[in-house]
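Here the structure comes first, spelled out in structure tokens, and everything after it is commentary.
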Amino acid sequence: MAEIEREAMEYDVVIVGAGPAGLSAAIRLKQLDADLNVVVLEKGSEVGAHILSGAVLDPCGLDALIPDWKEKGAPLNVPVKDDNFYMLGEAGQIRIPNFPMPPLMNNHGNYIVSMANVCRWMAEQAEELGVEIFPGMSCSELVYGDNGEVKGVVAGVFGLEADGSYGPNTEPGMELHGKYVFLSEGVRGSLAKEVIAKYDLQKGKEPQKFGVGMKEIWEIDPAKHREGSVTHTMGWPLGGNAGGGSFIYHLDNNQVYVGFVVHLNYKNPHLFPYMEFQRFKHHPMVAELLKGGKRVAYGARAITEGGYQSMPKMVAPGVALLGCSVGMVNVPRIKGNHNAMLSGKAAAEAAHAAIKAGRQSDELIDYETEVRSGPIGKDLKKVRNVKPMWSKWGLTASLALGGLDMWTNTLGFSLFGTLGHGKTDAAATEDASKHKPIDYPKPDGVLSFDRLTNVSFAATNHEESQPCHLRLTDPDLPVKVNLPKYDEPAQRYCPAGVYEVVEDEAGPRFVVNFQNCVHCKTCDIKDPSQNITWVTPQGGDGPNYPNM
Ligand SMILES: Cc1cc2nc3c(=O)[nH]c(=O)nc-3n(C[C@H](O)[C@H](O)[C@H](O)COP(=O)(O)OP(=O)(O)OC[C@H]3O[C@@H](n4cnc5c(N)ncnc54)[C@H](O)[C@@H]3O)c2cc1C
């Protein structure tokens with residue numbers, strides 16, 4: 001194929017992804033120097049379209065970035081009023097009192113927000129400062145310079161033929177070059193994955209760990225709504241089958257975020273995370289809350305869980321990884337947005353200093369130092385053993401030991417040192433023959449819903465004529481290896497029903513319904529054969545979340 005000619009545009013900093021990390025970086029760069037040329041590229045049809053997060057927001061990141069956010073009308077309108085933690089059994093629950101919890105678990109001073117709306121507001125702040133923001137622009141490739149440094153990205157390729165080739169309607173996109181490129185693609189970023197592999201950035205670190213988070217927005221009976229109430233649960237229905245738990249956050253306007261996270265290091269390939277979530281809503285405590293209400297939106301996204309010991313090296317020549325492209329979620333708090341914002345601010349400050357000193361395309365070492373030794377590192381270090389304890393010792397023992405460890409870490413020491421995570425989530429999957437299938441009740445259509453019906457509430461869309469963005473390295477492997485060995489778990493771990501094994505006269509066939517994809521990246525993470533690679537589809541495709 002002839003070399004593709006593209007126009008190139010030059011910037012000081014090119015930022016991939018308009019989440020809290022990327023937008024914070026853009027805002028901070030322009031606060032420091034109004035003359036810097038900064039561009040943000042976002043694959044969602046608008047800023048916020050792909051943002052899915054509970055969310056209870058710790059405002060410390062926003063305080064550091066825009067101290068007068070209240071006066072500027074940031075959509076943080078619902079302060080947390082009460083904080084509840086329950087251990088669920090099938091028919092009942094035990095409330096764990098707040099007093100034995102370490103202070104870092106306290107939600108006092110936090111806000112229940114729509115992160116999609118917070119990002120829309122941050123984008124307005126960035127644009128007022130002169131940042132160029134282009135939604136509907138997927139960054140599909142990295143551009144390397146002569147010395148192997150990251151020089152820019154290719155964005156805005158549209159209209160490829162179904163086989164990936166260029167056709168009469170293909171727009172080749174353009175190259176955006178920067179003195180520095182920031183990858184703030186969130187969890188399992190596709191360009192970040194390439195950079196981590198190319199520069200071997202995970203070397204010497206624990207593997208990254210993940211969960212899959214699914215979320216519905218419900219409008220409930222006003223009599224049951226308690227604005228500002230936060231509830232977390234563990235226990236039923238997952239029991240010993242997998243780690244994870246739920247969150248129920250009462251926003252304003254009688255809306256409630258109901259969400260469920262399943263840690264992706266589960267062993268039993270028969271486990272069906274989506275159906276665990278649906279079953280959870282039939283617990284008497286939850287069913288009572290939701291009865292009479294209606295589900296108005298659905299979405300899913302992976303969440304990073306590896307924490308402090310899994311953060312890769314986050315800089316390479318010309319490029320820095322930000323936010324959840326590094327993995328900055330404080331797992332017991334289920335919070336990463338504050339660290340994403342702080343990382344954006346730190347990366348911007350390092351890039352600004354470098355550019356001012358006449359540097360470009362090198363490693364922003366000061367950014368990495370600030371992340372590891374500043375507020376982000378301190379936040380994550382205190383909780384570093386909680387996830388490995390869950391994985392090694394199960395729920396009951398790790399609740400007590402994890403609590404103890406968080407307490408002693410608050411005082412500055414740990415009895416356990418730093419525990420490792422061991423295997424990747426893909427490698428944790430065991431043969432189907434070692435485990436019993438799990439019998440899930442059929443959704444009732446009132447509290448629980450089948451996957452495809454729910455996916456329609458994510459308003460996801462992919463133009464059918466484009467190439468499938470879920471690439472199989474070996475197209476025969478799902479049927480030849482994954483089906484006999486693992487009962488092809490893609491049929492179950494995908495929360496959007498993208499993958500099916502269809503039986504016809506010719507035998508079993510693996511079908512990829514990529515149009516349903518909600519960009520959660522679970523397949524890229526959990527496929528036990530690591531045969532699926534998620535790449536960016538063309539800009540504007542994917543979910544269209546309202547106020548997730
Ligand atoms: C179910 C769930 C609940 C959570 N609850 C909370 C909570 O209550 N509180 C909290 O603080 N945190 C919570 N988190 C964690 C939080 O969502 C993350 O820490 C945070 O989103 C990380 O921000 P980010 O900017 O790094 O990435 P993201 O918010 O994921 O933003 C990345 C952006 O980049 C875009 N993008 C990605 N790749 C490309 C590309 N190649 N080209 C162009 N654009 C691209 C995406 O579309 C997206 O808009 C939760 C996460 C999940 C999954």
Side-chain angles (χ1 to χ4, degrees), residues 14-25 40-61 80 107 110-116 118-119 122-123 134-142 153-156 182-194 210-216 230 232 244 246-247 249 257-262 277 299-305 321-331 333-341 343-344 469 495 519-522 534-543 545 548:
V14 173
I15 300 175
V16 180
L23 290 168
S24 299
V40 180
L41 302 148
E42 166 56 48
K43 66 178 162 65
S45 58
E46 53 153 350
V47 172
H50 291 183
I51 298 294
L52 176 118
S53 159
V56 174
L57 179 67
D58 177 341
C60 67
V80 175
N107 273 313
N110 297 333
Y111 293 81
I112 301 176
V113 297
S114 151
M115 269 319 285
V118 171
C119 287
M122 289 178 77
F134 297 121
M137 291 284 268
S138 285
C139 300
S140 47
E141 281 175 54
L142 289 161
V153 295
V154 173
F182 288 176
L183 298 180
S184 40
E185 299 176 284
V187 53
R188 197 70 160 193
S190 45
L191 301 182
K193 190 179 164 190
E194 179 178 325
F210 302 90
V212 54
M214 295 148 287
K215 191 174 120 189
E216 293 170 358
V230 165
H232 291 108
S246 82
F247 56 89
Y249 303 153
Y257 293 141
V258 184
F260 201 80
V261 176
V262 177
F277 175 31
R301 184 90 162 98
I303 179 167
T304 55
E305 295 186 339
L321 311 183
L322 276 55
C324 276
S325 290
V326 174
M328 296 182 178
V329 172
N330 180 318
V331 179
R333 297 180 75 204
I334 334 182
K335 287 185 187 60
N337 287 307
H338 61 300
N339 285 338
M341 291 180 188
S343 80
H469 66 280
H519 298 197
C520 75
K521 320 268 178 92
T522 302
W534 191 101
V535 300
T536 41
Q538 68 183 29
D541 282 0
Y545 295 136
M548 299 291 253

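For ligands, and for the atoms within them, numbers begin at 1 and follow the listed sequence. Since the model is a prediction, treat every value here as computed from it, not as a measurement.
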May I have the step-by-step check of side chain to side chain contact (heavy atoms under 4.5 Å, CB included) for E305 and F210, ending in yes or no?
-> CA-CA 5 Å; E305 295 186 339; F210 302 90; 5.6 Å; no
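Side-chain N or O atoms of S45 include none that pairs as donor or acceptor with a backbone N or O of G136 at under 3.5 Å. Judged by distance alone, the side chain of N339 and the main-chain N or O of M328 form a donor-acceptor pair under 3.5 Å. In this structure, the side chain of S138 engages the main chain of P537 through a donor-acceptor pair within 3.5 Å.
Here the options are H50, M137, E185, the test is side-chain contact (heavy atoms from CB on, under 4.5 Å), and the partner is E42; only H50 passes.
Using a 4.0 Å cut-off to heavy atoms of A21, the atoms of ligand 1 that qualify are 25 (O), 26 (O). The distance from ligand 1 to the heavy atoms of A302 drops below 4.0 Å at these ligand atoms: 53 (C). Close approach of ligand 1 to K335 (heavy-atom distance below 4.0 Å) involves ligand atoms 9 (N), 10 (C), 11 (O), 12 (N). Every atom of ligand 1 is numbered from 1 in the order shown, and the set under 4.0 Å from a heavy atom of H50 is 47 (O). Of all atoms in ligand 1, listed by their number and element, those nearer than 4.0 Å to a heavy atom of C324 are 18 (C), 19 (O), 22 (C), 26 (O).
Nearest to atom 19 (O) of ligand 1 by heavy atom, out of G336, G213, G186, G327, is G336. The closest non-hydrogen atom to atom 53 (C) of ligand 1, taken over E42, R301, K43, comes from R301.
Contacts between V329 and ligand 1 below 4.0 angstrom, taking non-hydrogen atoms only, involve the side chain exclusively. At a heavy-atom distance under 4.0 Å, only backbone atoms of L41 (N, CA, C or O) approach ligand 1. Neither the backbone nor the side chain of M115 comes within contact range of ligand 1; no heavy atom lies under 4.0 Å.
From F247, atom CZ reaches atom NZ of K215 across 6.0 Å, with rounding to the nearest 0.5 Å.
For G211, the heavy-atom gap to ligand 1 stays at 4.0 angstrom or more.
The minimum heavy-atom distance linking A116 with G48 is given by the pair CB-O, 3.5 Å.
Judged as a side-chain hydrogen bond (donor to acceptor under 3.5 Å, both in side chains), and not counting sequence neighbours, H469 has no contacts.
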